[in-house]
K.L.:
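Handing you this structure, nothing more for now.
Computed from a predicted model, the values in this text were never measured in an experiment. Heavy-atom basis, side chains included; hydrogens, waters and symmetry copies ignored. So that the names make sense, note that chain A is the first sequence line, chain B the second, and so on, each numbered from 1.
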Number of protein chains: 2
Amino acid sequence: MKKQQVQEFNYLDQQPCFKLYLASKTVIQAYGPLLKSLGLTYPQYLVMVVLWETEPLAVKDLGARLHLDSGTLSPLLKKLQDKKFVEKDRSKDDERSVLISLTAAGRKLKEKAYGVQSDIRAGICLHDEKLKELTEMLDSFTEGFLNR
Amino acid sequence: MKKQQVQEFNYLDQQPCFKLYLASKTVIQAYGPLLKSLGLTYPQYLVMVVLWETEPLAVKDLGARLHLDSGTLSPLLKKLQDKKFVEKDRSKDDERSVLISLTAAGRKLKEKAYGVQSDIRAGICLHDEKLKELTEMLDSFTEGFLNR
DNA sequence: GGCAATTAAATTGTGCGCAATTTAATTTTA
DNA sequence: TAAAATTAAATTGCGCACAATTTAATTGCC
């Protein structure tokens with residue numbers, strides 16, 4: 001009996017946006033256990049990454065860097081504050097603005113974070129060159145939707 | 001005066017995973033207003049996409065396709081049920097299993113969804129070939145983390 | 001057949017993510 | 001300069017996403 005063509009027309013698997021969504025979820029899950037040893041979630045880690053670069057930083061500027069609004073950042077920053085990784089102070093120049101700065105513990109966490117980054121990099125099954133291509137495509141992908 | 005090199009060492013912007021996360025969030029936001037006219041959120045739309053392919057389907061199988069567990073799907077399916085897009089029935093073969101099927105309204109929604117897909121495709125600033133490359137890289141990216 | 005282990009959904013609890021609103025401070029402008 | 005408009009955070013409300021637990025049905029094993 002002739003083998004029947006069972007190629008299922010798989011609409012979902014032709015959706016690039018689903019693949020993006022899945023890739024993002026999957027890698028964030030991979031970060032999970034690594035970051036847990038630092039006491040951070042992935043979004044909290046992203047905030048720390050930004051602060052390790054530049055500090056202090058207003059909530060507004062943090063949001064601009066991470067594409068997150070105060071609705072997300074306010075409770076998240078409260079958690080980082082409770083963990084004694086960051087401090088909040090009202091700006092003297094502009095009393096509306098809240099400046100986020102690192103505590104000593106928060107600054108120290110950066111060292112441990114290198115290990116997380118290298119673990120994740122090791123898990124990515126793409127050469128440096130391919131990975132660069134990927135990030136460039138992601139950039140133009142994102143930019144296309146942001147500038148509409 | 002010689003222009004100073006102000007190239008900021010931007011750690012965040014060197015993180016492929018952040019770019020992935022940002023791209024995913026951004027495109028889901030782009031879907032938002034389009035899907036709103038169908039009365040769906042993006043995750044709800046994904047469930048419908050799967051059901052438009054194959055139906056009825058157990059919650060477990062839906063979860064396997066979308067990489068979502070019952071903790072996410074149960075309340076989501078209840079919402080789709082409230083909107084009269086899907087129906088739930090306990091399987092007769094296995095009373096533990098709940099089969100999800102489409103209503104007439106749910107099936108009809110598929111036509112409108114073509115417009116959403118073409119709008120999104122139009123927003124993606126990548127040629128077909130580049131887009132194919134991207135999805136293939138995303139596949140190997142995801143697969144690398146899933147099979148660890 | 002009967003008990004243990006497994007499986008499928010649902011539920012509970014926590015943490016984003018974002019729209020919309022609120023509050024307070026600052027800037028614009030009439 | 002006083003009122004209106006804008007801006008920065010916080011808050012509220014809703015919908016995922018996932019870990020962990022619970023409940024009920026099925027399967028495995030003796």
K.L.:
Is any side-chain N or O of B:Gln29 closer than 4.0 Å to OP1 or OP2 of C:dG17?
P.N.:
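No, no such contact exists.
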K.L.:
For the pair A:Lys60 and A:Asp94, find out whether any cationic side-chain nitrogen is under 4.0 Å from an anionic carboxylate oxygen.
P.N.:
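No.
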K.L.:
Mind calculating the distance between CD1 (A:Ile100) and P (D:dA9) to the nearest angstrom?
P.N.:
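Taking atom P of D:dA9 as the reference, CD1 of A:Ile100 is at 8 Å.
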K.L.:
Choose from D:dA9, D:dA17, C:dG17 the nucleotide whose nearest atom is closest to any side-chain atom of B:Leu68.
P.N.:
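That would be D:dA17.
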K.L.:
Through what angle, rounded to 10 degrees, does the axis of the helix from C:dG1-D:dC30 to C:dA30-D:dT1 turn between its ends, using five pairs per end?
P.N.:
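Axis-to-axis angle, ends of the helix: 10°.
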K.L.:
Answer with base, sugar-phosphate or nothing: what part of the nucleic acid does A:Thr72 contact at a heavy-atom distance below 4.0 Å?
P.N.:
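Base contact.
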K.L.:
Report yes if at least one side-chain N or O of B:Ser70 is closer than 4.0 Å to OP1 or OP2 of C:dA9; otherwise report no.
P.N.:
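The answer is no; no side-chain N or O of B:Ser70 sits under 4.0 Å from OP1 or OP2.
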K.L.:
Less than 4.0 angstrom between a side-chain N/O of A:Lys25 and OP1 or OP2 of C:dG17, yes or no?
P.N.:
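A:Lys25 to C:dG17 OP1/OP2: no side-chain N or O under 4.0 Å.
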K.L.:
Can you measure from OG1 (B:Thr26) to CG (B:Leu22) and round to the nearest 0.5 angstrom?
P.N.:
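Between atom OG1 of B:Thr26 and atom CG of B:Leu22 there are 4.0 Å.
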K.L.:
Can you measure B:Asp69 atom CG to C:dT12 atom P for me and round it to whole angstrom units?
P.N.:
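Roughly 15 Å, once rounded to whole Å.
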K.L.:
Are any of A:Thr41's side-chain N or O atoms less than 4.0 Å away from OP1 or OP2 of C:dC16?
P.N.:
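Yes, A:Thr41 has a side-chain N/O under 4.0 Å of OP1/OP2 on C:dC16.
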K.L.:
Would you indicate which nucleotide in C:dC16, C:dT26, D:dT26 comes nearest to any side-chain atom of A:Asp94?
P.N.:
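Within the option list, the nearest is C:dT26.
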K.L.:
How many angstroms lie between atom NZ of A:Lys112 and atom OG of A:Ser37, to the nearest 0.5 angstrom?
P.N.:
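Going from NZ on A:Lys112 over to OG on A:Ser37, the span is 6.0 Å.
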K.L.:
Counting just side-chain N and O atoms, does B:Gln44 come under 4.0 Å of either OP1 or OP2 of D:dC16?
P.N.:
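The answer is yes; a side-chain N or O of B:Gln44 sits under 4.0 Å from OP1 or OP2.
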K.L.:
Rounded to the nearest Å, what distance is computed from the CD atom of residue A:Gln81 to the C1' atom of nucleotide D:dA10?
P.N.:
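To the nearest whole Å, that distance equals 13 Å.
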K.L.:
Strictly by modelled atom types, are A:Gln117 and B:Tyr11 linked by a side-chain donor-acceptor pair under 3.5 Å?
P.N.:
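There is no such pair between these side chains.
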K.L.:
Phosphate oxygens OP1/OP2 of C:dC16: is one of them under 4.0 Å from a side-chain N or O of B:Tyr21?
P.N.:
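Negative; the distance criterion is not met.
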K.L.:
Does B:Leu73 reach a base, just sugar-phosphate, or nothing at all? Heavy atoms under 4.0 Å.
P.N.:
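Touches nothing.
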K.L.:
Taking only side-chain nitrogens and oxygens of B:Ser97, does any of them come within less than 4.0 Å of OP1 or OP2 of C:dA9?
P.N.:
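So the side chain of B:Ser97 is within the cut-off, an N or O lying under 4.0 Å from OP1 or OP2 of C:dA9.
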K.L.:
Distance from B:Lys83 atom NZ to B:Met48 atom CE, nearest 0.5 Å?
P.N.:
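The NZ atom of B:Lys83 sits 9.5 Å away from the CE atom of B:Met48.
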K.L.:
Kindly give the atom pairs (protein nitrogen or oxygen, nucleotide nitrogen or oxygen) under 3.5 Å for nucleotides 1-6 of chain C.
P.N.:
none

K.L.:
Would you kindly give the CG-to-C1' distance between A:Leu57 and D:dA8, to the nearest whole Å?
P.N.:
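Value for this atom pair: 14 Å.
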K.L.:
Looking at A:Lys88, I want to see if its NZ is surrounded by more than 12 non-hydrogen atoms of other residues, nucleotides or ligands under 6.0 Å.
P.N.:
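Above 12, so yes.
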K.L.:
Rounded to whole angstroms, how far apart are OH on B:Tyr31 and P on D:dC16?
P.N.:
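From B:Tyr31 OH to D:dC16 P: 16 Å.
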K.L.:
On a heavy-atom basis, which atom in A:Arg65 and which in B:Phe18 lie closest, and how many Å separate them?
P.N.:
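For A:Arg65 versus B:Phe18, the nearest heavy atoms are O-CZ, 3.8 Å.
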K.L.:
If you take all heavy atoms of A:Val86 and A:Leu77, which pair is closest and at what distance?
P.N.:
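Heavy atoms only, the tightest pair is CG2-O, 4.0 Å.
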K.L.:
Provide, to the nearest angstrom, the distance between the NZ atom belonging to B:Lys78 and the P atom belonging to C:dA9.
P.N.:
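Computing the B:Lys78:NZ to C:dA9:P distance gives 15 Å.
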K.L.:
Tell me which of B:His67 and B:Asp93 sits closer to the 5' end of DNA chain D, going by the nucleotide each one is nearest to.
P.N.:
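It is B:His67, whose closest nucleotide lies nearer the 5' terminus.
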K.L.:
Starting at CG of A:Leu40 and ending at P of C:dC16, how long is that distance when rounded to a whole Å?
P.N.:
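Interatomic distance, CG of A:Leu40 to P of C:dC16: 10 Å.
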K.L.:
Side chain of B:Trp52, backbone of B:Gly106: donor and acceptor closer than 3.5 Å?
P.N.:
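Yes; judged by distance alone, with no hydrogens or angles, the pair exists.
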K.L.:
Please state how far atom CG in B:Leu66 lies from atom P in D:dA17, giving the value in whole angstrom units.
P.N.:
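From B:Leu66 CG to D:dA17 P: 9 Å.
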K.L.:
Report yes if a side-chain nitrogen or oxygen of B:Lys88 is closer than 4.0 Å to either non-bridging phosphate oxygen (OP1 or OP2) of C:dA10; otherwise report no.
P.N.:
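Yes, within the criterion.
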K.L.:
If Ile, Leu, Val, Met, Phe, Trp and Tyr residues are connected whenever their side-chain heavy atoms lie under 4.5 Å apart, and connections chain through other members, are A:Leu102 and A:Leu99 in the same group?
P.N.:
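Different clusters.
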K.L.:
Quick check: closest heavy atoms across A:Pro16 and B:Leu138, and the distance to 0.1 Å?
P.N.:
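Minimum heavy-atom contact is O-CD1, 4.3 Å.
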K.L.:
Hey, which sits more toward the 5' end of DNA chain D by its nearest nucleotide, A:Gly71 or A:Thr26?
P.N.:
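With A:Thr26 and A:Gly71 compared, the 5'-side residue is A:Gly71.
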K.L.:
Judged by each residue's nearest nucleotide on DNA chain C, which is more toward the 5′ side, A:Lys92 or A:Tyr42?
P.N.:
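Its nucleotide being nearer the 5' end, the pick is A:Tyr42.
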